[in-house]
Amino acid sequence: MVNAEFIRMLENAGIPDADFDMKCIIEQVTGNRFASEISPEQKNQILAMIQRRIKGEPLQYILGEWEFYGMRLFVGKGVLIPRPDTEILVDTVLQWCKGKSGLKILDLCTGSGCIALALKKYLPDVKISAVDTSETALSYAKKNAEYHHLEIDFYHADVLDKHFAGQFHDYDIIVSNPPYLTGQEMQELQIEVKHEPAIALLGGSAKDGTYFYRKITSLWKDAIKCGGLLAYEIGWKQAQCVSELLNANAFRRIQTIQDYEQRDRVVTGEKI
Ligand code: GLN
């Protein structure tokens with residue numbers, strides 16, 4: 001069987017989950033993950049995708065899309081692939097929004113737009129703005145917003161730009177999944193993650209990867225209303241540091257939420 005041959009090619013190259021990857025690739029090319037009739041042209045397309053996978057490229061870039069919060073999102077080189085961990089951040093914000101309406105939300109370091117889009121989908125009456133410094137990432141975010149017919153105001157800007165931050169006021173929520181990996185973690189990345197943009201991963205020069213939390217918290221806290229929420233995705237060792245940072249910046253009711261692997265993944269606080 002042809003499919004078994006394809007799977008063996010991936011297995012021989014040491015690709016874990018070869019069976020799953022192959023089903024996704026076959027579905028992408030033929031429209032059917034169990035297809036047994038494959039044309040010569042489709043076979044060539046599949047072989048080209050297998051070659052990319054063997055070189056360590058993430059499956060998500062090869063497919064050109066991935067699912068986040070039940071939504072199809074387009075991804076590719078230059079944009080961070082949405083992770084299931086980030087769904088915890090979306091859940092947390094949605095929970096906080098229960099019973100409230102007409103909220104203004106700002107998503108900093110939006111990347112593919114995954115957080116902003118999921119929030120807008122489930123809270124249609126909110127006004128959402130989203131910021132990213134990468135033009136490539138923003139082009140994916142805009143394409144994703146168009147595909148899902150969701151209205152988001154996108155800004156191409158650096159979230160560390162004090163002047164830019166100073167133009168934003170009266171937000172009920174700021175949400176962000178900023179880059180937060182340490183230099184050490186960057187050295188130990190899986191080969192797939194090395195294909196993703198370092199700018200979306202490396203948490204600045206601080207040894208503990210917390211540079212963006214420090215800068216964002218101080219530069220953007222005045223954009224949040226009193227009683228408003230600041231919600232961060234964090235690296236699993238950063239909860240204490242980020243909680244202390246929020247406390248020192250006049251946030252209270254600080255909470256840490258864990259991910260599917262019971263690791264600290266989200267920190268939130270309300271502005272007093
Ligand atoms: N969670 C991502 C990873 O593990 C990191 C994302 C980020 O830095 N915001 O690779």
Side-chain angles (χ1 to χ4, degrees), residues 16-17 56-63 66-69 73 75-93 105-119 130-134 136-138 140-141 144 157-160 173-217 219-220 230-243 245-246 256-268:
D17 304 320
E57 196 172 335
L59 176 68
Q60 295 90 334
Y61 284 177
I62 297 168
L63 300 175
W66 201 239
E67 191 185 302
F68 178 81
Y69 223 82
L73 295 187
V75 294
K77 200 150 187 61
V79 67
L80 190 78
I81 298 163
R83 315 279 206 261
D85 291 340
T86 306
E87 296 183 344
I88 308 283
L89 180 59
V90 173
D91 279 338
T92 305
V93 173
I105 302 180
L106 185 58
D107 174 19
L108 301 178
C109 309
T110 193
S112 64
C114 59
I115 298 168
L117 291 164
L119 292 176
V131 183
D132 206 282
T133 188
S134 157
T136 309
L138 269 187
Y140 279 103
N144 288 325
D158 183 354
V159 301
L160 306 181
I173 301 171
I174 291 186
V175 59
S176 183
N177 173 21
Y180 57 67
L181 298 188
T182 65
Q184 178 71 28
E185 285 168 331
M186 288 298 287
Q187 309 236 313
E188 295 161 1
L189 292 178
Q190 270 175 272
I191 182 161
E192 284 83 3
V193 185
K194 285 188 183 152
H195 284 75
E196 295 188 80
I199 189 181
L201 292 165
L202 177 61
S205 52
K207 244 192 150 140
D208 58 0
T210 60
Y211 180 75
F212 281 82
Y213 302 111
R214 294 173 196 285
K215 292 299 273 186
I216 291 174
T217 307
L219 290 179
W220 291 87
L230 176 58
Y232 284 130
E233 178 174 323
I234 56 153
W236 61 284
K237 293 185 214 159
Q238 294 167 332
Q240 192 184 343
C241 176
V242 175
S243 301
L245 182 69
L246 292 197
T256 299
I257 298 103
Q258 297 184 325
D259 63 19
Y260 302 112
E261 292 173 47
Q262 274 73 51
R263 301 206 288 193
D264 293 341
R265 188 55 66 191
V266 167
V267 168
T268 64

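For the numbers below, each heavy atom of this structure counts, side chains included, while hydrogens, waters and symmetry mates do not. This chain uses plain numbering: 1 for the first residue, then up along the sequence. Atoms within each ligand, like the ligands themselves, are counted from 1 in listed order.
How far CG of Asn177 is from CD1 of Ile88: 12.5 Å, rounded to the nearest 0.5 Å.
Heavy atoms of Glu233 found under 4.0 angstrom from ligand 1 belong exclusively to the side chain.
Salt bridge Asp158/Lys215: absent, no basic N to carboxylate O contact under 4.0 Å.
Among residues two or more places apart in sequence or in another chain, the side chain to side chain contact (heavy atoms under 4.5 Å, CB included) test is passed with Gln240 by Glu244. Annotation: side chain to side chain contact (heavy atoms under 4.5 Å, CB included) contacts of Leu202 (sequence neighbours excluded): Met186.
For a threshold of 3.5 Å applied to N or O pairs, the pair formed by Asp85 and ligand 1 contains no separation below that value. Backbone and side-chain nitrogen or oxygen atoms of Pro178 are examined, and one is located within less than 3.5 angstrom of a nitrogen or oxygen of ligand 1.
Scanning all protein heavy atoms for the shortest distance to atom 8 (O) of ligand 1 gives Tyr180 N, 3.1 Å.
Close approach to Arg83 involves these atoms of ligand 1, each under 4.0 Å from a residue heavy atom: 2 (C), 3 (C), 10 (O). Counting atoms of ligand 1 from 1 in the listed order, those under 4.0 Å from a heavy atom of Ala200 are 7 (C), 8 (O), 9 (N). For ligand 1 and Asn177, the ligand atoms under 4.0 Å from any heavy atom of the residue are 7 (C), 9 (N).
Side-chain contact, Glu233 with Thr86: a donor N or O sits under 3.5 Å from an acceptor N or O.
By the 30° and 60° cut-offs, the orientation of the rings of Tyr213 relative to Tyr232 is perpendicular.
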